[in-house]
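Data first, discussion second: the structure below is written as structure tokens.
This one's a predicted model, so the numbers in the text were calculated from it and none came from an experiment. Proteins come first, then strands; the chains are lettered A, B, ... in the order of their sequence lines, and each starts at number 1.
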2 protein chains.
Amino acid sequence: MDNELSKYEKPSVTVDTVIFSIKENDLKVLLVKRSSSPFKDKWAIPGGFVKIDQSLEDAAKFKLEEKTGVKDVYLEQLYSFGSPKRDPRGRVITVTYFALINSDNVKLKGDDAKWFSITELPQVAFDHNTILDYALKRLKWKFEYTVVAFSLLPKKFTMTQVQDLYEIVFNQKFDKRNFRKKILSLNILEEQEVMRNVSFRPPQLYSLKANIGEIVNIL
Amino acid sequence: MDNELSKYEKPSVTVDTVIFSIKENDLKVLLVKRSSSPFKDKWAIPGGFVKIDQSLEDAAKFKLEEKTGVKDVYLEQLYSFGSPKRDPRGRVITVTYFALINSDNVKLKGDDAKWFSITELPQVAFDHNTILDYALKRLKWKFEYTVVAFSLLPKKFTMTQVQDLYEIVFNQKFDKRNFRKKILSLNILEEQEVMRNVSFRPPQLYSLKANIGEIVNIL
DNA sequence: ACAAAAGTGTTAAACATACACCCATGT
DNA sequence: ACATGGGTGTATGTTTAACACTTTTGT
């Protein structure tokens with residue numbers, strides 16, 4: 001390697017991805033158990049070193065697929081943490097991402113990974129509690145101002161599912177009529193068929209209109 | 001250095017800081033002329049390599065003070081860019097920051113740094129145009145939802161200065177009465193004395209109340 | 001008295017909130 | 001017929017948007 005780049009001692013760079021999903025009507029985060037020192041046997045956010053010719057986002061996607069088998073999820077960069085003492089092994093800067101997946105599609109690989117309710121997190125390695133706090137804040141923020149919520153739902157969903165999701169994330173009840181009015185007024189949903197074979201009034205199914213990306217300022 | 005960290009070839013890490021200020025009733029960005037290859041003589045966002053025992057934010061502050069002589073400014077992390085090919089010399093990941101300074105206090109050091117109007121940017125080195133676009137988007141966003149605007153103003157300011165600032169950043173006129181009502185209703189300003197020795201009706205001076213940090217959801 | 005910028009109030013429209021009952025289905 | 005969750009409308013308060021003239025000072 002040439003001149004200026006080799007003049008400085010280089011830090012290591014990792015990418016860690018906070019993976020959110022909804023399971024059992026609860027907001028969950030995927031954590032993996034560390035198999036080696038430091039923080040052996042503590043839980044940690046899945047992540048790994050960035051390969052020298054791999055983009056940051058590719059590193060995040062790679063880890064995500066390795067752990068969950070899922071591709072094509074909502075993925076966004078969160079923040080980079082680089083305090084010199086955050087890893088006892090040496091200087092490690094981590095670029096963090098957060099992912100939203102619909103856990104129906106997930107098959108966890110190996111038994112080192114586990115879903116934790118956001119309200120019952122274990123002690124975690126490194127500064128990963130800071131990262132989790134930050135990710136949760138960002139998640140709420142995104143729910144308020146964008147359409148990312150729908151990445152946590154199946155393709156077709158009922159209005160009640162949407163409302164349940166918002167109530168889980170904000171840990172707060174919303175008025176049913178007002179909630180529906182609000183969501184429908186955004187004009188981001190398409191009516192699908194009506195659900196069948198349920199022993200109560202069959203709900204309307206909706207899907208997110210194609211080409212609705214992230215769009216700020218809703219709700 | 002020990003085990004796992006040295007198993008991987010490490011990327012270089014830089015910190016680049018997009019420095020915004022208002023001069024001549026215009027939104028400006030500070031750029032520096034590169035003195036060496038690659039992109040010799042092209043303009044670039046001020047930045048440098050992260051020292052092995054320096055936090056990311058310290059690296060940003062250091063560069064900021066080196067170039068402008070200013071400390072204690074509004075500084076926030078923007079985004080990390082890490083595409084493998086962004087620097088022709090090798091793998092360089094950059095963590096970007098953006099800073100808002102009141103340029104009254106600034107003495108540019110050396111003649112390699114220059115303020116550019118955001119509307120008349122030169123060609124820039126590396127992927128710095130992407131970074132500038134991103135920074136400008138974030139700036140507007142922050143103006144809409146937080147109180148950062150006041151970091152670009154002197155301690156005491158008139159309502160007209162605040163409005164001018166918003167009009168510069170959004171490149172859009174606002175109604176004077178509604179604008180004042182809005183800002184005053186936020187309850188974030190304190191009345192100071194009235195300006196003197198002006199040949200027109202003397203304006204009220206305001207200052208930002210102490211302890212008003214960033215506070216989301218204004219305007 | 002004039003030039004320059006500061007300051008001020010009202011009305012209409014849009015949006016948000018609060019609130020309770022009937023509906024469609026399977027068993 | 002009953003249990004289950006789905007679906008709907010109206011009235012009130014709050015927020016935003018549109019709009020033009022008078023005030024204070026120095027020269």
### Message
Evaluate B:Y145 against A:Y145 for ring pair (Phe, Tyr, Trp, His ring centres under 6.0 Å), listing each step before the verdict.
### Response
CA-CA 11 Å; B:Y145 295 107; A:Y145 294 106; 5.5 Å; yes
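Here C:dT17 presents its P atom at 10 Å from CD of A:Q172, a figure rounded to the nearest Å. Between the NZ atom of A:K176 and the P atom of D:dT4 there is a distance of 15 Å, given to the nearest Å. Counting to the nearest Å, the C1' atom of D:dG5 and the CZ atom of A:F157 are 18 Å from each other. Separating the CG atom of B:L205 from the C1' atom of D:dT25 is a distance of 15 Å, rounded to the nearest angstrom.
Here A:T158 lies out of heavy-atom contact (under 4.0 Å) with every strand.
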For nucleotides 22-27 of chain C, tabulate all protein N/O to nucleotide N/O atom pairs closer than 3.5 Å, reporting atom names and distance.
residue, atom, partner, partner atom, Å
C:dC23, O4', A:R201, NH1, 3.3
C:dA24, N3, A:R201, N, 3.0
C:dT25, O2, A:S199, O, 3.0
C:dT25, O2, A:F200, N, 3.4

Give each protein N/O atom lying under 3.5 Å from an N/O atom of nucleotides 10-13 of chain D, with the pair distance.
residue, atom, partner, partner atom, Å
D:dT10, O4, A:K181, NZ, 2.9

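Contact annotation: A:R180 reaches the phosphate of D:dG7 (side-chain N/O to OP1 or OP2, under 4.0 Å).
For the pair A:Q123 (side chain) and A:K42 (backbone), a donor-acceptor distance under 3.5 Å is absent. The main-chain N or O of B:Y97 is never found under 3.5 Å from a side-chain atom of B:T17 such that the two would form a donor-acceptor pair. Checking side-chain atoms of B:R138 against main-chain N and O of B:L78 turns up a donor-acceptor pair under 3.5 Å.
Distances from the side chain of A:R177 to the nucleotides D:dC19, D:dG6, C:dC19 place C:dC19 closest.
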Anything under 3.5 Å between a donor and an acceptor, one on a side chain of residues 186-198 of chain A, the other on a protein residue two or more places apart or in another chain? List them.
residue, atom, partner, partner atom, Å
A:Q192, NE2, A:S207, OG, 2.8
A:E193, OE1, A:K156, NZ, 3.2
A:E193, OE2, A:K156, NZ, 3.1

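Salt bridge annotation for A:D16-A:K63: absent, with no cationic side-chain nitrogen under 4.0 angstrom from a carboxylate oxygen.
Each of B:D175 and B:Q161 was matched to the nucleotide of DNA chain C holding its nearest heavy atom; the match closer to the 5' end belongs to B:Q161.
Residues A:Q204 and A:Y206 bring no donor and acceptor atom of their side chains to less than 3.5 Å of each other. Under 3.5 Å, the side chains of B:T94 and B:T96 contain no donor-acceptor pair of N or O atoms.
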